[in-house]
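Working notes for the structure below.
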Amino acid sequence: MATETSPTPTANARRPGFADIVAGVSIAGLLLPEAVAYSGIAGLPPQAGVIALFAGLLVYGLFGSSRFAIVSATSSSAAVLFAATMSVTGADTATRLAMGMGIVLLAGVFFVIAGIARLGAVSSLIAKPVLRGFALGLALTIVVKQLPKVLAVHPAHSDFFRLVAGLAAEWRHWNIAGGGVALIALVLLGVLARWRAVPAALLVIVAGIVLDVNGLCQAWGVAAVGPISLDFSHPTVPPLDRAQWQTLGGLAFAMALILYAESYGSIRTFAMRHGDNVSANRDLLALGGANLLSALFQGMPVGAGYSATSANESAGAKSRAAGIVAGLVVLLAVLTLLPWIAHTPEPLLAAIVIHAVSHTLNPAALRPYFEWRRDRLVALVAVAAVLVLGVLDGLLAAIGVSLLLLLRGFSRTTVSWLGRLGQSHDFVDIARHPEAVVPPGVLIARPEVPLFFGNADAVFASIRARIDATPGLQRMVLSLEESPDLDATSIEALCDFAAYVRVRGLRLSLARVKDDLRDLLAKVNSPDLHAEVYAPWSVDDAVVQPVSATPPAA
């Protein structure tokens with residue numbers, strides 16, 4: 001995440017106070033039910049989400065840089081963790097739990113390494129269209145996968161389309177009471193959400209506990225969460241062998257990417273909104289520490305989720321103390337109410353999950369890409385890939401497609417041919433500005449993409465073809481404004497092109513050459529690319545540059 005450079009708020013705006021206490025108490029009522037609910041998405045015991053919540057609130061509250069960010073388990077990381085562990089262990093619960101903790105631990109290590117290496121300036125490794133398409137597909141997947149808990153039916157297949165078909169096929173066995181409980185809970189969550197200070201999720205949970213304690217849920221066939229056991233006395237590293245750790249490396253890297261992208265978006269959004277400065281490298285270290293601590297106590301992965309961070313801001317938080325207060329309130333609730341939380345009906349937790357991801361179910365989030373006619377395919381592929389291939393493979397496939405499209409764009413051989421605009425020093429594309437005049441005996445080319453190994457030969461081939469088709473040429477001007485640097489393949493292609501221009505009896509001038517590239521060309525020491533060739537700073541300088549009788553010796 002890039003460090004923000006906006007003005008820093010006044011000291012009073014960051015000083016802990018009564019507003020942070022109010023905010024912390026308010027969001028605790030949201031965070032605890034969501035932590036238990038997200039454990040179900042990850043296929044882990046309920047305590048895994050609670051442990052992650054403690055780790056995230058404590059570590060980021062002490063060491064993070066954003067005064068609004070709430071670091072806890074998130075729906076997206078929970079879904080990725082479930083998909084990752086199922087891909088390597090199948091249905092073996094004990095091994096899957098150990099592998100899951102290994103993924104969280106390695107993700108924390110990756111964060112710490114990135115923070116120490118000061119890689120926070122890398123804003124994001126996943127394109128926004130991929131993230132938004134992934135979020136939409138993930139939200140649909142999460143909603144569908146909550147339905148078996150609501151309806152008390154369990155189809156044989158867990159992938160999206162076969163799960164939908166399996167649910168439909170078993171409609172005669174649906175638990176209508178469970179569906180009704182979830183539907184009423186969703187309505188209540190939607191209505192109560194209008195008042196940010198009201199802990200809607202907690203109130204719904206309390207109502208559900210009352211129903212279960214009075215025997216109504218059992219009578220309706222609605223299952224409860226069951227016992228929750230917390231043990232902070234024995235931090236452990238997952239007992240995995242070397243081969244298993246190696247297997248988890250790529251999965252943990254994908255997890256770190258998801259957490260980083262989600263956290264970066266949340267932290268940057270609220271920092272820019274309030275004119276705050278945040279430290280990207282400090283946040284990487286804080287996220288790493290939070291995930292390491294969570295993994296040691298068998299917790300889930302944690303990141304700065306948008307919904308929890310937004311709720312913290314809306315509740316009036318002024319500093320990171322709000323997260324610390326929320327953690328203390330959650331701790332108090334766990335110490336006093338843990339036996340009661342075990343009575344929470346599963347359809348209510350499913351409703352909390354569905355409500356939490358509902359803000360990403362709107363396809364309108366993809367509308368700008370269609371209006372701008374940019375990255376539409378990437379966004380749609382991300383949605384389809386998650387639904388067809390699953391959460392983890394879908395994400396990797398969407399990232400792969402975005403990289404392929406990026407390479408395809410860079411591989412274009414588009415070259416603009418320039419002419420002088422009026423009596424000015426400006427040179428523009430003559431195809432878009434027919435009024436521009438090309439100086440007699442001069443051909444001016446500007447590659448519209450950075451030159452690299454994938455396009456250099458094709459770009460120079462198109463320029464050579466234009467030279468061959470243009471009679472009466474005396475000089476060739478090549479503008480390199482789109483290429484601040486060149487790889488080895490591009491350098492060799494440029495040397496070959498310079499030799500070709502010399503053989504044709506033309507004078508070559510390179511314009512708009514950046515300083516780093518000038519230093520590189522000096523090291524190349526080609527007789528056809530001597531210092532006078534790249535001496536002009538602008539296209540105009542290159543056009544008016546006098547022609548020496550004899551080029552300087554190499």
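Residue numbers run from 1 in the order of the sequence given. Predicted model only: the values in this text are computed from it and were never measured. Hydrogens, waters and symmetry mates play no part in the numbers below; they use all other heavy atoms, side chains included.
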Item to check | Chi angles and distances behind the side-chain hydrogen bond (donor to acceptor under 3.5 Å, both in side chains) call for Ser77, Glu262 | outcome: CA-CA 9 Å; Ser77 62; Glu262 187 172 26; 5.3 Å; no

Under a 4.5 Å cut-off applied to non-hydrogen side-chain atoms, are [X] and [Y] in contact?
| X | Y | result |
| --- | --- | --- |
| Leu163 | Pro148 | yes |
| Leu380 | Phe370 | yes |
| Asp159 | Leu387 | no |
| Phe253 | Ile103 | no |
| Thr269 | Tyr306 | yes |
| Thr85 | Arg96 | yes |
| Leu366 | Val383 | yes |
| Phe270 | Ser310 | yes |

Checklist entry - Under 4.0 Å between a Lys/Arg side-chain N and an Asp/Glu carboxylate O for Arg446 and Glu448? => result yes

Next on the checklist: Closer than 4.0 angstrom, basic N to acidic O: yes or no for Arg273 and Glu313?
Outcome noted: yes

Checklist entry - CD1 of Ile444 to OG of Ser479: how many Å apart, nearest 0.5 Å? => result 9.0 Å

Checklist entry - From Leu292 CG over to Phe297 CZ, what is the distance, rounded to the nearest 0.5 angstrom? => result 12.0 Å

Main-chain N/O of [Y] paired with [X] side-chain donor or acceptor, under 3.5 Å:
| X | Y | value |
| --- | --- | --- |
| Ser483 | Leu451 | yes |
| Ser294 | Ala290 | no |
| Asn455 | Phe452 | yes |

Item to check | Identified side-chain contact (heavy atoms from CB on, under 4.5 Å) partner of Leu57 from the options Ile27, Leu31, Leu62, Val302 | outcome: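 Exactly one option meets the side-chain contact (heavy atoms from CB on, under 4.5 Å) with Leu57, and it is Leu31.
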
Checklist entry - Think Arg432 forms a cation-pi with Trp417, using NZ or CZ under 6.0 Å from the six-ring centre and within 45 degrees of its axis? => result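 No, Arg432 does not sit over the ring of Trp417.
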
Next on the checklist: If you count heavy atoms of other groups shown closer than 6.0 angstrom to CZ of Arg374, is the number above 12?
Outcome noted: no

